[in-house]
Amino acid sequence: MTKTVPHSRLGRRAAAALAAGALCFAVVACSSSEPAGSASVAATGGASADDAPHPAAAPVAEGEMRVTLLGTGSPVPSTTRYGMSTLVQANGLNLVFDAGRGATVRLNQAGVPLGQIDGVFLTHFHSDHVNGLDDLWLTGFIPAFGGREGTFDVYGPTGVKNITDGLARTFRNDIDVRVADGEVDRATTTIVPHEFDRDGIVFDRDGVQVTMFEVRHDPADAIRPAVGYRVDYAGRSVLISGDTVPVDNVVRYGTGVDVLIHEVAEFEDPAALPSVYAHHTNPRQAGEIFTETAPKMAVYSHIVNGIPGRVPGVTDEVLVERTRETYDGPLTVGADLMSFTITADDVRVD
C-alpha cells in the first residue's frame with residue numbers, strides 16, 4: 001500500500017522537495033509539527049513560516065542517528081535537486097558521503113557548521129559526486145564561514161589521494177595569499193586522503209563505524225573503483241548504495257539496516273536509453289533489493305529521472321508505483337534537505 005503524505009506534513013526544511021513538488025511516499029506518515037497550509041521553504045533556503053531550524057542543526061540524541069539528504073540529483077545542473085551528497089550524524093560526528101554540486105550550500109541551509117565536518121567519504125570519482133568537494137574544503141577553513149581547526153579528511157577507495165593532491169595544487173595560490181594575509185593558519189587548510197583497496201571498516205571513532213564495500217557501476221565493471229558505505233552506531237544503521245547496478249554486496253551489507261538509501265534511474269519509457277539503465281538500478285530492481293534487505297525505511301536518492309529537453313522522466317507517484325511491483329514496505333522518494341531520525345523504535349521522516 002502506498003500512502004501519499006500532503007506537502008504540508010513534510011519536514012520544515014525539505015526545501016527542494018516542496019519546491020519541486022516531490023512527495024514523501026511511505027507506509028508510515030512523515031512526521032512534522034508544521035500546520036496544514038503553512039508556508040513551505042523555498043529551494044533557495046529561505047526559512048519556513050515560523051523560521052524553525054533544520055533538524056540537522058541540533059545535536060543528535062545519544063544512541064540515535066540522523067540522516068539528511070543534502071543532494072538527491074544526478075549530473076543534471078538542477079536548482080531543486082543538487083548533486084549527490086548525504087550527511088550522517090551520530091555521537092557528535094558529522095560525516096558527509098559524496099560531495100556533489102551544492103553540498104556546501106545545503107549544509108549551510110541545514111545549519112551545520114562547515115568547519116565541523118569530520119570526514120567526507122567518496123563512492124566513486126564521477127564529477128557529479130566530487131565537484132562540490134573543493135567548495136566544502138575551502139569554505140570550511142575560512143574563519144568567517146567555517147573556521148575549521150583541524151585537517152579536512154577524505155576517505156574512499158584507491159584514487160582519493162590523486163584528487164586531494166590535485167586540489168591542494170590547484171588551490172595553493174588561494175591558500176598562500178590567505179596565510180600571507182593572516183586570515184588562516186596553514187595547518188587548518190590541510191586536506192588529507194585516506195585510501196582503502198578492499199572491503200572493510202574505513203572509519204572507527206567514538207562508537208561510529210563506517211564500512212566500505214564494492215559495488216558495480218556498469219555491467220563491464222569498467223568504472224572502477226565504485227563503492228557503497230554502511231554506517232553503524234549504537235545498534236542503528238544506514239546504508240548508502242553508491243552508483244550501482246543490482247549487486248550482492250548491497251544485500252549482504254544492507255540486510256536489516258534501519259535506512260537503506262539506494263540510487264534509482266527511470267524514464268517515462270522504460271525502453272529509453274538502455275545505456276543509462278545499464279549503469280543504474282531501475283525501480284523494479286530496487287524493489288527486489290528492498291524486499292530482500294527489509295529496511296525500516298527504503299529511500300531513493302541520486303534520482304536519474306529523465307533528461308531535460310530530451311527524454312521524459314516520471315512523476316514521483318509513477319516511480320513509487322513501479323517500485324511497488326516488487327516491494328510493499330516503507331518507501332520514501334528523497335528530496336534535498338529531507339532528514340531521517342533513527343531511534344531504537346522507528347525511523348522518523350523530518
Side-chain angles (χ1 to χ4, degrees), residues 5-20 22-26 28-36 38-72 80-82 84-97 102-118 136 208 231 233-234 236-238 240 257-261 295-301 330 332-350:
V5 182
H7 285 181
S8 60
R9 296 188 60 203
L10 282 171
R12 292 185 179 92
R13 292 293 182 95
L18 299 172
L23 304 177
C24 170
F25 298 90
V28 295
C30 290
S31 172
S32 172
S33 58
E34 183 178 3
S38 64
S40 64
V41 183
T44 53
S48 61
D50 56 359
D51 200 23
H54 188 280
V60 183
E62 184 177 353
E64 298 182 0
M65 296 176 68
R66 182 185 298 119
V67 179
T68 299
L69 307 180
L70 301 174
T72 59
T80 54
R81 288 195 184 277
Y82 281 10
M84 182 62 184
S85 189
T86 307
L87 171 69
V88 177
Q89 297 172 294
N91 204 20
L93 298 177
N94 296 314
L95 308 180
V96 173
F97 294 82
T104 303
V105 175
R106 292 300 193 214
L107 283 165
N108 188 57
Q109 288 176 285
V112 178
L114 300 177
Q116 295 180 21
I117 302 303
D118 298 286
L136 183 54
V208 180
V231 188
Y233 166 67
R236 315 281 79 78
S237 55
V238 58
I240 300 165
V257 296
D258 292 291
V259 173
L260 198 159
I261 302 172
K296 288 184 180 178
M297 179 62 70
V299 179
Y300 278 140
S301 191
T332 300
V333 175
D336 289 19
L337 292 177
M338 183 179 286
S339 280
F340 304 83
T341 299
I342 306 170
T343 73
D345 300 318
D346 60 12
V347 176
R348 185 176 69 249
V349 187
D350 297 317

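Throughout, residue positions are numbered sequentially from 1 according to the sequence presented. None of these values were measured; they are calculated from a predicted model.
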Stepwise side-chain hydrogen bond (donor to acceptor under 3.5 Å, both in side chains) test for N94 and Q89: CA-CA 5 Å; N94 296 314; Q89 297 172 294; 3.0 Å; yes

Side chain T343, main chain D345, donor-acceptor under 3.5 Å: yes

Residue pair L87 / V112, side-chain heavy-atom distance below 4.5 Å: yes

Minimum heavy-atom distance between V333 and R81, given as atom pair plus value: CG1-NH2, 4.1 Å

Sidechain-backbone polar pair: R106 side chain, T104 backbone, donor-acceptor under 3.5 Å: no

Side chain to side chain contact (heavy atoms under 4.5 Å, CB included) evaluation trace for V96 with T86: CA-CA 6 Å; V96 173; T86 307; over 6 Å; no

Side chain to side chain contact (heavy atoms under 4.5 Å, CB included) assessment of M65 paired with V88: CA-CA 7 Å; M65 296 176 68; V88 177; 3.6 Å; yes

Between OH on residue Y233 and CD1 on residue I342, distance to nearest 0.5 Å: 12.0 Å

Nearest atoms (heavy-atom pairs only) where L95 meets D118: CD2-CB, 4.0 Å

Residue pair L337 / A110: nearest heavy atoms and the distance that separates them: CD2-CB, 4.1 Å

Side chain to side chain contact (heavy atoms under 4.5 Å, CB included) assessment of M297 paired with V349: CA-CA 9 Å; M297 179 62 70; V349 187; 4.1 Å; yes

Atom pair CG (D350) and CZ (F340), whose distance is rounded to the nearest 0.5 Å: 9.0 Å

Smallest separation among heavy atoms of S339 and T68, with atom names: OG-OG1, 2.6 Å

T341 OG1 to R66 CZ distance, which is reported to the nearest 0.5 Å: 5.0 Å

